[in-house]
Number of protein chains: 2
Amino acid sequence: MGKITIKDVAAMAGVSVGTVSMTLNNSPKISEATKKNVMEIVEKLGYRRDPYARSFSLSSSRSIGFIAPGFVNPFFGEVAEALQATVEEKNNSLMFGISNDSAKQEAKLIDQFLDRGVDGLIIIPAEDVHPDLTQIKRLLSESFPMVFLTSYYKELPYHTVMADLASGSYELTRSFISAGLKNIIIITGSPDLIPFSERIYGFRRAFDEVGLPFDESRVIISDGMSYEGGYAAIDRIFDERKPDGILAINDMMAMGVIGRLKSKGIRIPEDVSVAGFDDISIASIQETPLTTVAQPIRPMCMAAVEKLFDMIAGKDVPAAVEKLPVRVQHRNSSRM
Amino acid sequence: MGKITIKDVAAMAGVSVGTVSMTLNNSPKISEATKKNVMEIVEKLGYRRDPYARSFSLSSSRSIGFIAPGFVNPFFGEVAEALQATVEEKNNSLMFGISNDSAKQEAKLIDQFLDRGVDGLIIIPAEDVHPDLTQIKRLLSESFPMVFLTSYYKELPYHTVMADLASGSYELTRSFISAGLKNIIIITGSPDLIPFSERIYGFRRAFDEVGLPFDESRVIISDGMSYEGGYAAIDRIFDERKPDGILAINDMMAMGVIGRLKSKGIRIPEDVSVAGFDDISIASIQETPLTTVAQPIRPMCMAAVEKLFDMIAGKDVPAAVEKLPVRVQHRNSSRM
DNA sequence: AACCTCCATTGAACCGTTTCAATCATGATT
DNA sequence: AATCATGATTGAAACGGTTCAATGGAGGTT
């Protein structure tokens, strides 16, 4: 028994193939009576349109590609979840790839996605200090629909939706200063990368506006923006630096910082205030609930998808970095 | 300027479209000289095969669908990551959907995936007590390639790759008994669901084999297999039940259990031993590192993908539940 | 020189939709 | 009764690959 095609339906319903097709697409040109008749046959035969033929005809796969650095940091899992829900509402599918923060891997994934015919791409840029962006640049020059999420590549401030982390960082730092903390530091990755430079910028601005001297030594460059990274950073700098306020670049790292401080017998927040960024769901349920800057995940995903679909629809979307407001979430890991 | 098609390449190379196609597919029937010539033109024109036409011709999208309950529990994020890597090695893409533990949503996602023409499905069953499985049953009867991962639906013990959680549970319980714990309980979801019944089974067997009486009150049925769920369960049963050993059904819940116990001033593991399941990456980096049963995520994903591709290739894969060995990971949350 | 083999290449059928100009049917208008 | 307008339906082209039977050509054998 062969596959049931639109022809079989047409034959059995006594209409042309075109009529069946238009019925399935709910075209207003087909009379209700005919539609009803055709749909009955469709039902009876259990007919289902061939997705390959359909994509071929339409030149669209109604699917988009999503690239994230990975799911070790649950923040990205939460983004993936929100993104999937948003894309699904538009009756599209989401394919995903994991870059492991390597721009090279990212390029490979993009290539794969293009070979699969995705209609557009949503990319969380890899935190890669020396990214090779030739491929992305080529796609941008061809105006292939592509939106950067949560950050962007410094050279390419196009079509981006992210959180206003600079403001979040600023506000958080101000609150640390107001709480009377004197020796505040930030533990971050390379300032060459947007996710870090934004946070550093806000951090610095807080001192400037309060009129406090800013010393570069407040900025601790570390690598490994993970629990282990935070743990190791404390080992390396705490005894010498003796901070009473620590901003870690994300919640996972902040948790590592707290873990190491506690194991050294330091009290939080009495001795040291700690805060992170992202507000991942475990941040609030730690033994010491974490003060953090909450990224508006849902709104960001919705805005990114909106932007992407506008581009796919051929609208002329101006290249812009859209920064959504954040919320500073005070919890027990910092003094007020 | 129109799209560059295989015809353009053929014309410029002075060969037929068939030759170009076979060259691109690296057919041994084409001479090396011709291939080289054709590839040069391909390069020059920047030609790229149309993925839609290709899928259409081949009746394959080289993509598979993956359904997970969500990423709130990072365990699923880790599975997704491993799965993606495995699928990518096979030059296929992974689409994903999130069921939120609703079989209804799962069915909807499956439908969507079928409409997109995925070659197969990998499903982490929803923890839904009254699932409507008609659609899945239909697909199974059509022998559509489909593999269940980490668990299966009780009525449908087909094509499954999971961890041997019963053994893990057994071993863990034995170690609790050996450590001299007297009042051991397990906090679990509905025993109607495989992920829970497996763990309960192993738990029970440990008592049986040691010759200890087993009392049903050792099994605490709870809902919400999350941090909050664990927290709430302790609130509800601890004072009355006074356990000295607690198995939580997964690591997130175990963390909730620990969180609540500590806030009550109970010492872990001195007063109470706690263990979880999954060995998610944060389990080891908690303030009190968690004793847990590690699921072999990578091997499970590899086995599942292998199975699925065999099915897609038309091989006759016997329906079977494959259980991979687990490893009990002892850490500080339990006495030895 | 005629015949045979073998390998490389060709060319056309095929896949299952969508789309749209052309046709047909119906009822209204003169 | 002839003409027109409107709306429903048809039929065939188009999409861009893959595949394979048929063809062509070069080299070897008799």
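The sequence lines fix the lettering, A, B, ..., with proteins before strands; numbering per chain opens at 1. Quick caveat: nothing in here was measured; it's all calculated off a predicted structure.
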Student: Expressed in angstrom and rounded to an integer, what is the separation of A:Ile6 atom CD1 from C:dT19 atom C1'?
Tutor: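 Interatomic distance, CD1 of A:Ile6 to C1' of C:dT19: 12 Å.
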
Student: On a heavy-atom basis, which atom in A:Glu89 and which in A:Arg298 lie closest, and how many Å separate them?
Tutor: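 A:Glu89 and A:Arg298 have their closest heavy atoms at OE2-NH1, 4.1 Å.
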
Student: If I take atom CG from residue A:Leu140 and atom CD from residue A:Gln135, how far apart are they, to the nearest 0.5 angstrom?
Tutor: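 Taking CG in A:Leu140 and CD in A:Gln135, the distance rounds to 10.5 Å.
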
Student: Select base, sugar-phosphate, or nothing to describe what B:Ser21 touches, counting heavy atoms under 4.0 Å on all strands.
Tutor: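 If one applies the 4.0 Å heavy-atom cut-off, B:Ser21 turns out to touch a base.
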
Student: Please report, rounded to the nearest Å, how far the P atom of C:dG16 is from the CG atom of A:Asp8.
Tutor: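 Rounded to the whole Å, the gap is 9 Å.
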
Student: Of the candidate nucleotides D:dT18, C:dT10, C:dG16, which contains the atom at the shortest distance from the side chain of B:Ser57?
Tutor: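 That would be D:dT18.
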
Student: For the pair A:Phe96 and A:Phe71, name the ring-plane relationship: parallel under 30°, tilted 30 to 60°, perpendicular over 60°.
Tutor: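 Ring orientation of A:Phe96 relative to A:Phe71: tilted.
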
Student: Expressed as a whole number of angstroms, how long is the span from B:Leu24:CG to D:dG16:P?
Tutor: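 Going from CG in B:Leu24 over to P in D:dG16 covers 15 Å.
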
Student: Roughly, in whole Å, what's the span from CZ in A:Arg49 to P in C:dT19?
Tutor: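 The answer, rounded to whole Å, is 10 Å.
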
Student: What does A:Thr19 touch in the nucleic acid at a heavy-atom separation under 4.0 angstrom: a base, only the sugar-phosphate, or nothing?
Tutor: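 Contact class for A:Thr19: base.
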
Student: Ignoring hydrogens and angles, state whether a donor on the side chain of B:Asp132 or B:Thr134 is under 3.5 Å from an acceptor on the partner side chain.
Tutor: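 The criterion, which ignores hydrogens and geometry beyond distance, is satisfied for B:Thr134 and B:Asp132.
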
Student: Ring centres within less than 5.5 Å and planes less than 30° apart: is that true of A:Phe56 and D:dC15 in this structure?
Tutor: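 Yes, aromatic ring over the base.
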
Student: How far apart are the closest heavy atoms of B:Cys301 and B:Leu149, and which atoms are they?
Tutor: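 The answer is SG-CD2, 4.4 Å.
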
Student: Looking only at the side chain of B:Lys29 (C-beta and beyond, no hydrogens), which of the listed nucleotides C:dT9, D:dT18, C:dT18 gets closest?
Tutor: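 Out of C:dT9, D:dT18, C:dT18, the nucleotide with an atom closest to B:Lys29's side chain is C:dT9.
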
Student: Ignoring the backbone of B:Asp50, work out which of D:dG17, C:dT17, D:dT19 is nearest its side chain.
Tutor: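 The listed nucleotide nearest to B:Asp50's side chain is D:dG17.
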
Student: Minimum heavy-atom separation for A:Asp128 to A:Ala103, with atom names?
Tutor: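 Closest pair (atom of A:Asp128, atom of A:Ala103, distance): OD2-N, 2.9 Å.
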
Student: What nucleotide, of C:dC20, C:dT17, C:dT10, holds the atom closest to the side chain of B:Ser16?
Tutor: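 The closest nucleotide is C:dT10.
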
Student: Would you please confirm or rule out a distance under 4.0 Å between OP1 or OP2 of D:dA14 and any side-chain N or O of B:Tyr52?
Tutor: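 So the side chain of B:Tyr52 is outside the cut-off, no N or O lying under 4.0 Å from OP1 or OP2 of D:dA14.
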
Student: Base, sugar-phosphate, or nothing for B:Thr34, non-hydrogen atoms under 4.0 angstrom?
Tutor: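 Counting heavy atoms under 4.0 Å across all strands, the contact made by B:Thr34 is with sugar-phosphate only.
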
Student: Name the residue closer to the 5' end of DNA chain C, choosing between B:Gly14 and B:Ser59 according to the nucleotide with the nearest heavy atom.
Tutor: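 The residue whose closest nucleotide sits nearer the 5' end is B:Gly14.
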
Student: From CD1 of B:Ile30 over to C1' of C:dG11, roughly how many Å is that when rounded to an integer?
Tutor: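 Whole-Å distance recorded here is 13 Å.
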
Student: Given C:dT17, D:dG16, D:dT9, identify the nucleotide with an atom nearest to the side chain of A:Ser31.
Tutor: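 In terms of side-chain proximity for A:Ser31, the closest of C:dT17, D:dG16, D:dT9 is D:dT9.
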
Student: What's the closest nucleotide to the B:Leu58 side chain, out of D:dT18, D:dG17, C:dT9?
Tutor: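 Nucleotide nearest to B:Leu58's side chain: D:dT18.
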
Student: Under 4.0 Å, heavy atoms only, any strand: does B:Val15 hit a base, just the sugar-phosphate, or nothing?
Tutor: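 Sugar-phosphate: the residue B:Val15, judged by heavy atoms under 4.0 Å, touches backbone atoms but no base.
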
Student: Report the distance from atom CZ of B:Arg62 to atom C1' of D:dG17, rounded to the nearest whole Å.
Tutor: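 After rounding, the gap between these two atoms is 15 Å.
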
Student: Could you check how far CE of B:Met22 sits from P of C:dT10, rounded to whole Å?
Tutor: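 Value for this atom pair: 11 Å.
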
Student: A:Lys35 has an atom NZ; how far is it from atom C1' of D:dG7, in whole Å?
Tutor: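 Going from A:Lys35 (NZ) to D:dG7 (C1'), I get 13 Å.
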
Student: Below the 4.0 Å mark, does C:dT18 have OP1 or OP2 next to a side-chain nitrogen or oxygen of A:Arg54?
Tutor: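 Yes, such a contact exists.
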
